[in-house]
Amino acid sequence: MSPTRVNCGFLPLVDCAPLVLARELGFASDEGLDLRLVKAKSWAAVRDKLALGVLDAAQMLSPTPIAMSLGLGGMPTRIDALSVLSVNGDVIGVSPALADAMRAQGPNGGAPTLGEEAAEVGRRLIAAAPKPLTIGVPFPFSMHAELLTYWLGALGLRQPEDLRVRTIPPPAMPKAVAAGEIDAFCVGEPWGSLAAAAGVAELALPGAAIWGFAPEKVLAVSHAWIHGNAETVGPLLRAVWRAGRWLGDPNNAMTAAEFLSRAAYVGVSAEVIERTLRGRMLVSPSLGERATPRLVEFFDGAATFPWRSQAIWIAVRLAERNGIDPETAAQVARDCFRTDLYRATLGPIGADLPAASEKLEGALLARTAVASSVGEMYLGPDRFFDGKIFDPKDWGR
């Protein structure tokens, strides 16, 4: 019997790794799949091709399936997230001139936690930045945009009058900041590191400093495709989950980086990719690297689980900015993060599954044991920088 072909879109980012390794290490072929990875130039292209059925599946920014299912962005389509592909992985960079202006405000307070550091860096950024501050993000419906608006809004930046957000594809971000088109950016690795290495930006924060465990990319398919290809959903989900588990072993970082460095995938040096996989962020050539726990995460702490509470957090924020009833948006989000398919597919192969599908977001300050299908598992930390806690039960059931 010939393998089932699955065309899957992706962008050249470190966090496309689960898809690349599912193909390159044979996890997909072991499941009877011919996983064809289709490299795209922008998130808009991925969104449109998935909606039109040109792609069967895709690496997708976590807010995009929710936005599409809510009818936002000009391509209304019910899109489902089968699993989370990656957690965190974003970095925030500023132009060298803006970095100097931030330093001119006085010595750094030496904040001991990432959350306190995020608050201090954010206050310095707001004080030093031109008005309006122009920041590049890869797509309007992205975790990049959600992190930035949450962070800067909480610190008092008036939106939208003092904040201009521009959409720039990830590989173009270093060029945009070098040309002065943007003052700062939030982008997935390796493109922030490449901007820093070229001396056109200084990396100020990892995205994890704003939200300690933010779902970044998801494995997305259309709702219609699930119903038309029910026999393919399980194999695809299992193959990608196995790749995530393999990536969760730090001993595999070098091998993963070598695969990702190929021109067909990310197309940058394996050394740059491996640095990210090992949790080291290049601040600038002169300031060097900094250790960044959970700079990007693929497996630990139920990283692949499509938490409905995370989907609801995204949906409520989208609803508030777009004039949609938040409780209605929350229900749409619950439906399109497919914990039901995740459990039905991965439970039988022994995956450790959390006992609940929703949780308080931002409540864990340290690794914490919670109930799971095998007894207990460890989650967290998942703190928001301002210490707030999000309860999904506030938005209906």
Side-chain angles (χ1 to χ4, degrees), residues 9-11 13 15-16 40 42-48 50-51 57-90 92 135-153 159 163 165-170 185-188 207-208 210-211 213-223 303 305-326 328-339 358 361-362 382 384 390 392 395:
F10 76 98
L11 256 65
L13 293 152
D15 55 28
C16 72
S42 71
W43 290 116
V46 170
R47 174 198 63 185
D48 295 351
L50 188 65
Q59 173 200 29
M60 187 169 273
L61 298 154
S62 60
T64 304
I66 299 166
M68 294 175 70
S69 298
L70 289 171
L72 299 174
M75 190 62 73
T77 311
R78 167 73 186 271
I79 300 294
D80 290 350
L82 298 179
S83 71
V84 173
L85 289 176
S86 61
V87 167
N88 301 337
D90 297 333
I92 295 163
I135 297 186
V137 299
F139 199 60
F141 304 115
S142 64
M143 186 53 64
H144 314 81
E146 297 307 327
L147 291 176
L148 284 174
T149 55
Y150 181 87
W151 174 48
L152 297 177
Q159 302 175 45
L163 179 63
V165 179
R166 286 197 53 191
T167 300
I168 298 170
F185 57 73
C186 183
V187 71
I210 299 170
W211 184 6
F213 208 65
E216 174 57 29
K217 304 296 191 312
V218 296
L219 176 61
V221 297
S222 74
H223 191 68
F305 189 75
W307 291 99
R308 288 176 172 166
S309 45
Q310 294 178 339
I312 294 165
W313 183 86
I314 294 167
V316 169
R317 292 186 53 77
L318 290 175
E320 290 173 344
R321 293 202 302 275
N322 290 280
I324 298 171
D325 174 61
T328 300
Q331 188 54 56
V332 169
R334 282 188 177 95
D335 291 343
C336 72
F337 266 46
R338 299 301 301 272
T339 58
E358 297 180 13
E361 295 295 337
D382 68 347
F384 290 103
F390 179 81
W395 306 98

- Query: Okay, side chain of Asn88, backbone of Ala214: is any donor-acceptor separation there less than 3.5 Å?
  - Reply: yes

- Gln59 side-chain N/O to Leu11 backbone N/O, donor-acceptor pair under 3.5 Å: yes

- Task: Could you give me the CA-CA distance, side-chain angles and deciding distance for Phe384 and Glu361, then say whether side-chain contact (heavy atoms from CB on, under 4.5 Å) is met?
- Result: CA-CA 8 Å; Phe384 290 103; Glu361 295 295 337; 4.1 Å; yes

Spacing of [atom1] belonging to [X] relative to [atom2] belonging to [Y], to within rounding of 0.5 Å:
X: Trp43; Y: Lys217; atom1: CH2; atom2: NZ; value: 5.0 Å
X: Thr149; Y: Ile210; atom1: OG1; atom2: CD1; value: 9.5 Å
X: Phe141; Y: Leu318; atom1: CZ; atom2: CG; value: 6.5 Å
X: Leu148; Y: Gln159; atom1: CG; atom2: CD; value: 9.0 Å
X: Thr77; Y: Leu50; atom1: OG1; atom2: CG; value: 8.0 Å
X: Trp313; Y: Glu358; atom1: CH2; atom2: CD; value: 16.0 Å

I need the minimum non-hydrogen distance between [X] and [Y], along with the two atoms involved.
X: Ala57; Y: Leu219; answer: CB-CD1, 4.4 Å
X: Ile312; Y: Pro392; answer: CD1-CB, 3.8 Å
X: Ala315; Y: Ala333; answer: CB-CB, 3.6 Å
X: Leu13; Y: Pro170; answer: CD2-CB, 3.9 Å
X: Pro215; Y: Met143; answer: O-CE, 3.4 Å
X: Ser86; Y: Asp15; answer: OG-CB, 3.3 Å

- Determine the sole option in Leu85, Val84, Leu82 for which the side-chain contact (heavy atoms from CB on, under 4.5 Å) test with Val218 is passed. Val84

- Task: Check each of Val165, Leu61, Leu147 against Val137 using the side-chain contact (heavy atoms from CB on, under 4.5 Å) test, and report the only one that passes.
- Result: Val165

- Item | Test side-chain contact (heavy atoms from CB on, under 4.5 Å) applied to Phe305 and Thr339, step by step | CA-CA 7 Å; Phe305 189 75; Thr339 58; 3.8 Å; yes

Residues 66-74, side-chain donor-acceptor partners within the protein, below 3.5 Å, at least two apart:
from: Ser69; atom 1: OG; to: Pro65; atom 2: O; distance (Å): 2.8
from: Ser69; atom 1: OG; to: Ile79; atom 2: N; distance (Å): 3.1
from: Ser69; atom 1: OG; to: Ile79; atom 2: O; distance (Å): 3.3

- Residue pairs passing the salt bridge (charged side-chain N to carboxylate O under 4.0 Å, His left out) test with at least one member in residues 308-326, sequence neighbours excluded, are Glu146-Arg317, Glu146-Arg321

- Run the side-chain contact (heavy atoms from CB on, under 4.5 Å) check on Phe185 and Ile168 step by step: do they pass? CA-CA 9 Å; Phe185 57 73; Ile168 298 170; over 6 Å; no

- Query: Angle class for the Trp395/Phe390 ring planes (parallel below 30°, perpendicular above 60°, tilted otherwise)?
  - Reply: parallel

